[in-house]
Amino acid sequence: MLVLVEQSLNGLQFGLLLFLLAAGLTLVFGIMDFVNLAHGSLYMMGAYFAATFVAWTNSFVLGILMALGATLLLGILLEFVALRHLYGRDHLDQVLATFGLILFFNDAVRLIWGPAGLSLPLPSWLTVPVQIVPGVFYPAYRLSIIVVALAVAAMLYVVVMRTRIGMLIRAGASNREMIGALGINIKLLFTLVFGLGAALAGLAGLMQAPILTVQIGMGENILILAFVIIVIGGIGSIRGAFLAAIFVGMIDTLGRAFLPDLLRTVLSSAAASTAAPALSSMLIYLLMAIVLVVRPEGLFPAAKR
Amino acid sequence: MKKAFWLAGAAILALTQTAAAGDTIKIGFVSTFSGPTAVIGNDMRNSFELALDHLGRRMGGKPVEVIYEDDGQKPDVGKQKTEKLIQSDKVDFIAGYIWSNVLLASLKTAVDSKTFLISANAGPSQLAGELCSPYVFSTSWQNDQTPQAVGTYMNQKGVKSVFLIGPNYAAGKDMLAGVKSTFKGQVVGEEYTVWPSQLDFSAELTKAKNSKAESIFVFYPGAAGVQFLNQYAQAGIKGQIPLYTAFTIDELSLPLQKDNAIGVPGAQQWVNDLPNAENKKFVEDYRKKYTGLRPTFYGAQSYDAVNLINSAVVAVKGDTSKKDEMKAEMEKANFKSVRGPFKYGKNHIPIQNFYLQDVVKDADGQLSLKTVATIVKDDQDRFVDKCPMK
């Protein structure tokens, strides 16, 4: 029973991390209607910035905050220099251009930081396991990811659904020309939205950095999961992305945790332990396929435009 | 008279040109040069180049040409690159291969074309057993051997139970099977993770912690090893259940693993401090040529691969068409290995010592691996009897 609690927390933590990545992607892809494959590169840049700034300042919190600001600025710069010229273009053009950006970022990182990768050590107060319920200890850092991601999710919901800026973003996505005609600087608005999306990706990357290593191409595998989440949750819906991310995180983790034992009841031990990881990594795509068949718009599609 | 002169000239020109075509020793080298594990490929290439420098970049009097190809850690890409090297570049030897699954995918192409293949790292059990070939040699080990040594060491330490974690591919399965074959205690659990995409081991670590095992054995090469050690320390399991490893801590991952690696024992057939003249020269010159870097076991095996190839080419005086003679020469392992003495089993896998290695601070104040003891002497892999070759 206690094991289930702990594994669920693992799943929740992974899901929330995926949400940060998917939320940024939802803002850009779902609301701005722009396919940004380089979203994973921003995730990587967040991690590299964090490792660099933490080493410079010798302070974990300060370094992380600087990295967050740096990814925000990088996102804005990227939008200003390259991406804003692509809004009116075909999705295929956007895919090609942002794929090029992935290659650009990977090589830029290789030039600046070298091929070996970096590590981001945690401060000692984050490395101790915390007792959450009697008998269950959970790593403090993973717990802090859960807290931060939940806070960001709440903030994002308020900003997009309850504020004037959020209203403008949603309106601008539905009809660019109209909102422009109403005297709103839509270009600036989209630049800011893209910056916000970049900062969210950077946040996901830098929070993942102490758990994983900071390395070239780290955003590419996880980006696929983020796209899967958007499709399951419904394109353009922050709420959908949130629920789908937790869903995917849970399925992935619980599958890895309990599937081998479940399979062992019907298969030989050796066959079960090799089949289980393959099967559990397929579960997510299976879920996506089912969702697409039953509800092609995703589970929680954004309101009709 | 004039016509004869021109004819003779043309004939000589034609002759020298055909001679020129066979005038270089061509070696293809397949490894991973892109993506997160490119550091391993770079290290193998560095050591390969260093060994060629030491030979004056000539073998048997002929200049050596090396063509490096990137497999991107993918079996299908590795196979394509192997085909390209053999069929269009017509290499005399093909070497490299970090990953067991890449090597297994590429093997048939090399064997069918009778091109000598020198594995400088991967050692899948199939290669030592039923898929052994006269054209395939290893300068590394069979996958099971290193974890077998770790299992033996755990017996010596009196460990009663273990939880095994490794990646779900050819080498991962070999590694865990290797520990199980020598470890006398109880195997409480066995977990495989999706390779190479899974980088978060929270579910597996939670299971290991709750299994009440006395120890954990893990195999994660490259960056995944750094991540595993990170998460093992963060989960607070480090103080509770000791860790044993194979191929998880090396000179490439150590700068990232830092303190997490201290006190985690592993086994290896080569460690940078092995006391022989070849090894001293290799380690010193490596650090001189590639400032800031340290050689690894991957590199040591690549260095040996060059010398193995050289011994064969020298024996036939550069005539690489004499395949049987080259094979016979390589079977003698007639070169000075940086790991000290070893000889080949009939399946062309080295029979060699395995050492216990520990993480220490070296003279420069940097973390480094140190040989602590010899766990097994002259170890022969356990698949040799399945090899039909005599």
Side-chain angles (χ1 to χ4, degrees), chain A residues 2-3 6-7 9-11 13-14 17 106 110 114-122 126-130 136-142 208-218 220-222 224-225 252-258 260-261 269-270 272-278 280-282, chain B residues 33-39 41-43 164 166-169 172-173 176-177 187 189-207 209-211 222-231 233-240 252-253 255-260 292-293:
Chain A
L2 290 178
V3 181
E6 214 176 325
Q7 295 289 23
L9 277 173
N10 286 335
Q13 181 261 313
F14 183 47
L17 192 97
N106 284 350
R110 200 188 307 277
L118 300 172
S119 67
L120 175 54
L122 281 176
L126 275 175
T127 51
V128 282
V130 184
V136 176
F137 286 85
Y138 199 70
Y141 184 66
R142 288 186 190 260
Q208 191 73 307
I211 294 182
L212 308 182
T213 41
V214 182
Q215 59 185 15
I216 297 164
M218 63 188 281
E220 284 150 35
N221 273 328
I222 202 163
I224 298 171
L225 279 182
D252 186 71
T253 306
L254 296 183
R256 279 193 280 132
F258 299 109
D261 297 329
S269 176
S273 48
T274 44
S280 68
S281 61
M282 260 158 49
Chain B
F33 300 113
S34 63
T37 50
V39 270
N42 284 340
D43 177 66
L164 310 172
N168 192 20
Y169 82 112
K173 289 175 203 168
L176 299 204
V187 177
E190 193 177 343
E191 287 294 321
Y192 291 94
T193 61
V194 184
W195 180 258
S197 61
Q198 185 185 331
L199 301 171
D200 192 313
F201 307 110
S202 56
E204 291 75 20
L205 281 166
T206 301
K207 287 184 89 169
K209 189 173 66 178
N210 289 307
S211 73
V226 180
Q227 290 149 4
F228 185 89
L229 250 54
N230 254 342
Q231 296 169 28
Q234 284 164 16
I237 310 176
K238 198 175 183 196
Q240 296 171 14
L252 291 174
S253 59
L256 295 170
Q257 286 161 335
K258 298 195 181 95
D259 291 357
N260 285 340
L293 298 179

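So you know, we letter chains A, B, ... as the sequences are listed, proteins then strands, and number each from 1.
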**OP:** Look at A/Glu6, A/Gln215, A/Arg256 and state which one has the largest set of heavy-atom pairs under 4.5 Å with chain B.
**Re:** A/Arg256
Subject >> Part of A/Gln13 lying under 4.5 Å from any heavy atom of chain B >> reply: side chain
**OP:** Report the option among A/Ile211, A/Thr127, A/Ile216, A/Asn221 that has the most heavy-atom pairs separated by less than 4.5 Å from atoms of chain B.
**Re:** A/Ile211
Original post:
Side chain, backbone, both or neither: which part of B/Thr193 has an atom under 4.5 Å from a heavy atom of chain A?
Top reply: backbone
Subject >> Leading residue by heavy atom contact count with chain A [cutoff under 4.5 Å; candidates B/Leu252, B/Ile237, B/Val39, B/Thr206] >> reply: B/Thr206
Subject >> Salt bridge B/Asp259-B/Lys238, side-chain N to carboxylate O under 4.0 Å >> reply: no
Subject >> Over all atoms of both residues, closest heavy-atom pair of A/Ala116 and B/Leu256 >> reply: O-CD1, 3.6 Å
**OP:** Mind checking side chain to side chain donor-acceptor pair (under 3.5 Å) for B/Glu190 and listing every partner two or more places apart, or none if nothing turns up?
**Re:** B/Lys180, B/Tyr192
Original post:
Are A/Asn10 and A/Gln7 linked by a side-chain donor-acceptor pair shorter than 3.5 Å?
Top reply: yes
**OP:** Let me know if B/Asp200 has heavy atoms under 4.5 Å from chain A in its side chain, its backbone, both or neither.
**Re:** both
**OP:** Return the set of residues passing salt bridge (charged side-chain N to carboxylate O under 4.0 Å, His left out) with B/Asp43 (not counting sequence neighbours), or none when no residue passes.
**Re:** none
Subject >> Minimum heavy-atom distance between A/Leu212 and B/Gln227, given as atom pair plus value >> reply: CA-CG, 3.3 Å
Original post:
Highest number of heavy-atom pairs under 4.5 Å with chain A: which of B/Leu205, B/Val194, B/Val226, B/Asn42?
Top reply: B/Val194
Subject >> Contact class of A/Pro260 relative to chain B, heavy atoms under 4.5 angstrom >> reply: side chain
**OP:** Could you check if a side-chain atom of B/Gln198 sits within less than 4.5 angstrom of a side-chain atom of A/Ser281, using non-hydrogen atoms only?
**Re:** no
Subject >> Contact leader toward chain B among A/Pro210, A/Ala278, A/Ala276, where contacts are heavy-atom pairs under 4.5 Å >> reply: A/Pro210
**OP:** Heavy-atom pairs under 4.5 Å with chain B are the metric here; pick the option from A/Met218, A/Arg142, A/Gln208 that has the most.
**Re:** A/Arg142
Subject >> Side chain, backbone, both or neither of B/Glu191 within contact of chain A (heavy atoms, under 4.5 Å) >> reply: side chain
Original post:
Taking the inter-plane angle between the rings of B/Phe228 and B/Phe201 on a 0 to 90° scale, is it parallel (under 30°), tilted (30 to 60°) or perpendicular (over 60°)?
Top reply: tilted
